Amino acid sequence: MRRPVIAGNWKMYKTQEETRAFFEAFKPLVPATPECDIVVAPPFISLAIASAAAHGSPIMIAAQNAHWEREGAFTGEISMRMITDAGGKAVLIGHSERRQYFGETDESVNRKVKAALEAKLTPIVCVGESLAQRESHLTHSILKRQFEGGLDALTEHEFSRILLAYEPVWAIGTGKTATPEMAADAHRYLRELAATVFSPSQAAGIRILYGGSVKPDNIKGLMAQAEIDGALVGGASLDAKSFAAIVNF
Ligand code: PGA
């Protein structure tokens, strides 16, 4: 059985004060031993505050991005080690907004995945097609390219330490969720890729999260699909009550 993961991606929302307030409200709403892994990814500047606020709870803190180099003259960047230093345990890599607005490629994703693993962080690797790609029946070929490029040259053991997130770009922040069947189809395909590139046992073990307009009222239907192992939640993770409702699906 794969343990579900519910992760919140705050994007560029919440100040430090708002971060504290979120955890104060959120912690009492989730059980001490929940039935899923819980992840919250605040902006960099609130990582340490979030880690301190989550201390002693089952909530794991993640960053939304990081650079692959250990250190250096890279103005405005944050390293994997800085994330662990601030209490982070995981890092989102290759979110579609990073690919779309900040020029991230499968190659940069690959470097970041390796750097995260080396720093003992859990990479949450995001893949997904745009609307135009889906309408041109390119979904599988895009997923294949992102999977093979982003995870190139990983060992089976390294692969076993990552989480995958399938996020169709057209479903992010639009209120349009993929139907549970559409999501399950993409997850099934990603699992097939995992079997081919790594091994059938790796494919059986990899946890694949769905992301794109996940809300309290659609989480149950998504999680009813055996292929869907969790959710990466944007907008609905900003409110303690709605995120708790998703976590407690
Ligand atoms: P959304 O974002 O839930 O607001 O659609 C999901 C994501 O981008 O991770």
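Not measured: the values here are computed from a predicted model. Counting convention: from 1, in listed order, for ligands and their atoms alike. When a residue number appears, it is its place in the shown sequence, counting from 1.
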So is Ala171 close enough to ligand 1, meaning a heavy atom under 4.0 angstrom away? yes
message = Could you check whether any side-chain N or O of Arg207 sits under 3.5 Å from a backbone N or O of Leu163, counting only pairs where one atom can act as donor and the other as acceptor?
response = no
* Using atom types as modelled and distance alone, determine if a side-chain donor or acceptor of Asp229 lies under 3.5 Å from a backbone N or O of Pro4. => no
| said: Donor-acceptor check, side chain of Ser46 to backbone of Pro42, threshold 3.5 angstrom: yes or no? | reply: no
Nearest non-hydrogen protein atom to atom 4 (O) of ligand 1, with distance, is Gly235 N, 2.9 Å
| request: Determine the interplanar angle of the Phe159 and Phe198 rings, folded into 0 to 90°, and report it as parallel if under 30°, tilted if 30 to 60°, perpendicular if over 60°. | output: parallel
* Asked: Taking the side chain from Ser242 and the backbone from Leu238, do they hold a donor-acceptor pair closer than 3.5 Å?
  -> no
Any heavy atom of Asn9 under 4.0 Å from ligand 1? The part involved is side chain
If you measure every N or O of Val233 against every N or O of ligand 1, does any of those distances drop under 3.5 Å?
no
Do any nitrogen or oxygen atoms of Thr174 lie less than 3.5 angstrom from nitrogen or oxygen atoms of ligand 1? no
With the threshold set at under 4.0 angstrom, would you say Ala236 reaches ligand 1 through any of its heavy atoms? no
Gly212 heavy atoms within 4.0 Å reach ligand 1 at atoms 5 (O)
The complete set of salt bridge (charged side-chain N to carboxylate O under 4.0 Å, His left out) pairs with one or both residues in residues 4-17, sequence neighbours excluded, reads Lys11-Glu97, Glu17-Arg20
message = Using heavy atoms and a 4.0 Å limit, tell me yes or no: is His95 in contact with ligand 1?
response = yes
Polar proximity ligand 1 side, Ser213 side, N/O cut 3.5 Å exclusive: yes
Any Gly173 heavy atom less than 4.0 Å to ligand 1: yes
For Glu129, the salt bridge (Lys or Arg N to Asp or Glu O under 4.0 Å) test, sequence neighbours excluded, returns Arg134
Which class fits the ring pair Phe22 and Trp10: parallel under 30°, tilted 30 to 60°, perpendicular over 60°?
perpendicular
Ranking Gly175, Ser237, Gly234 by closest non-hydrogen atom to atom 6 (C) of ligand 1, top hit is Gly234
among protein heavy atoms, the one nearest atom 9 (O) of ligand 1 is Glu167 OE2, 2.7 Å
